[in-house]
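Heads up: the structure comes next, in structure tokens.
Bear in mind that the values here come from a model prediction, so they are computed numbers and not experimental data. Counting convention: from 1, in listed order, for ligands and their atoms alike.
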Amino acid sequence: MEIIHVSAECYPVAKAGGLGDVVGALPKYQVAAGHIAKVVLPMYRTKFLYENKWDVVHKSSAYLGATWFDYTVIKERDNVLGFDLYLVDINGLTDREKVYGYSDDTERFMSFQIAVVDWLANWQHHPDIIHVHDHHTALIPFMIKYCYSYQQLASIPTVLTIHNAQYQGQMDWSRSNYIPHWDGWQWGILDWHNMINPLAAGIRSAWKVTTVSWSYLEEMRMESNGLEALFEYERGKCVGILNGIDTKVWDPSTDKYLEQHFDIDTMASGKRANKEWLCAEFGLQPDKPLFIFIGRLVGEKAADLLPRAIGDSLYYINQRMNFLVLGSGEPHIEAELSHMTHYWPGVYNARIGYNEQLSHRMYAGADFLLMPSRVEPCGLNQMYSMRYGTVPVVRRTGGLRDTVIDFGEPNGYGICFNAASVGDITQAVYRGVELYQNQMQFDVIRRQLMEKDFSWDISTEQYIDLYKSLVP
Ligand code: ADP
């Protein structure tokens, strides 16, 4: 089967979060299962672009509204990622250093989608499946169904995976001319609350919609940033498929970023060596349990609760633990977390920014990973932490609910709590500190974590079964 993934992110080419990890791994596993998987991304100006060799495979032009733009599709020459990788270069729009965060993101991702569809319309054959990810590519199923110039693609089954429904890419109707000449009778497919809503249009137009965990699918019918009724209405075409992790990239016995490698047999000493490095680097105390947080500093991740939860834990539990935070996001949360380093020297530190290497070292050296998320479609951090023998401390929501069982329950191995509140987080930290004192039980749990299989194998099969159900 030939599958073409269209996405805004793909690790290690360009990553801002979990979407990048998924699109970097799933195609690799699909190729290993005997299929042809291709990935198409905008051509950002990233390190990966300059470090690899490229061939031009297609050059053409298209319209974005009244503006004519040229685009070039290049293909990575040596198959270094284990699948075919194509980048679409649109002068002045895609060739930027960051993936998102520009005032013309709407124009950037619209022209990217138009270029992809225009290029696909030029292929001599059709792929079996077009798989799009999140709102940045969610108009593609609409375009191939309802744009007059791309009707030859209309019979290709499309799958939309929703990694995060909070972001929907809304634009006002004055931009409807961005979409290449389309069947005006279908305006209702684009519209949601008087705006063009690309995610809603994708949900309505794609043949199948997947979400990245079962619980998230259920939760979206109650809370999905305004799309609840749509998820309820379209539930028949929605399926939850849990993300996996790339166990080759995330392997503590080979991870190129670690101070010391370890496996299940050398877990205690290996983790200790990594913890000592971290503590020395950040002025923390290796004999106390180390709690970490890694992620976007936004409300979805409940990062706004961290300053008080950390402060209360340190105060009420007598500084019996250390905290280390790595993240970037809302400026006031960044400022508060930075400012706190002066109040709690020796037991708290924070690094504001994005740092892939440090994140690996933190998963390896920490004892506990905090994830108090308000919304967590799947969450990868908890799976990485478990693979590295770090106990996840998570709020019961979305994918966290589906992947972590509290150690107080039969066969449990994590710490779970119900509310995204300072009190619940502090209580969970207290349980972690107590568990850490019982070294024997703590070690049994850490081994249990490292034995768990979160690889892509099962989910890859589920995606293939889904594709097969669509291909005649
Ligand atoms: P998201 O909602 O951000 O996509 P996920 O849990 O699905 O959350 O994925 C987050 C990914 O991004 C993980 O690989 C995590 O390690 C990484 N990550 C997030 N913030 C940072 C950061 N500041 N530095 C390094 N890696 C980060």
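Note: Y388 and H360 have perpendicular aromatic rings, judged against thresholds of 30 and 60 degrees for the angle between ring planes. The aromatic rings of Y363 and Y384 sit perpendicular, their planes meeting at an angle over 60°, well past the 30° parallel limit.
Taking the six-membered ring for Trp and the full ring otherwise, the centers of F442 and Y436 sit less than 6.0 Å from each other.
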Could you check ligand 1 for N or O atoms lying under 3.5 Å from protein N or O atoms and list the pairs with distances?
residue	atom	partner	partner atom	Å
ligand 1	2 (O)	R296	NH2	2.8
ligand 1	2 (O)	K301	NZ	2.9
ligand 1	3 (O)	R296	NE	2.8
ligand 1	4 (O)	G18	N	2.6
ligand 1	6 (O)	L380	N	3.0
ligand 1	6 (O)	N381	OD1	3.0
ligand 1	8 (O)	K301	NZ	3.1
ligand 1	9 (O)	G18	N	3.2
ligand 1	14 (O)	K15	NZ	2.9
ligand 1	14 (O)	D21	OD2	2.7
ligand 1	16 (O)	Y363	OH	2.8
ligand 1	23 (N)	G353	O	2.9
ligand 1	24 (N)	N355	N	3.0

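K248 forms a cation-pi arrangement with Y29, by the criterion of a distance under 6.0 Å to the ring centre and an angle within 45° of the ring axis.
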Next on the checklist: Apply ring-ring contact (aromatic ring centres under 6.0 Å, His included) to residues Y167 and H136 and explain how you reach the verdict.
Outcome noted: CA-CA 9 Å; Y167 306 98; H136 325 95; 8.3 Å; no

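Remark: D89 does not engage R45 in a salt bridge, criterion side-chain N to carboxylate O under 4.0 Å.
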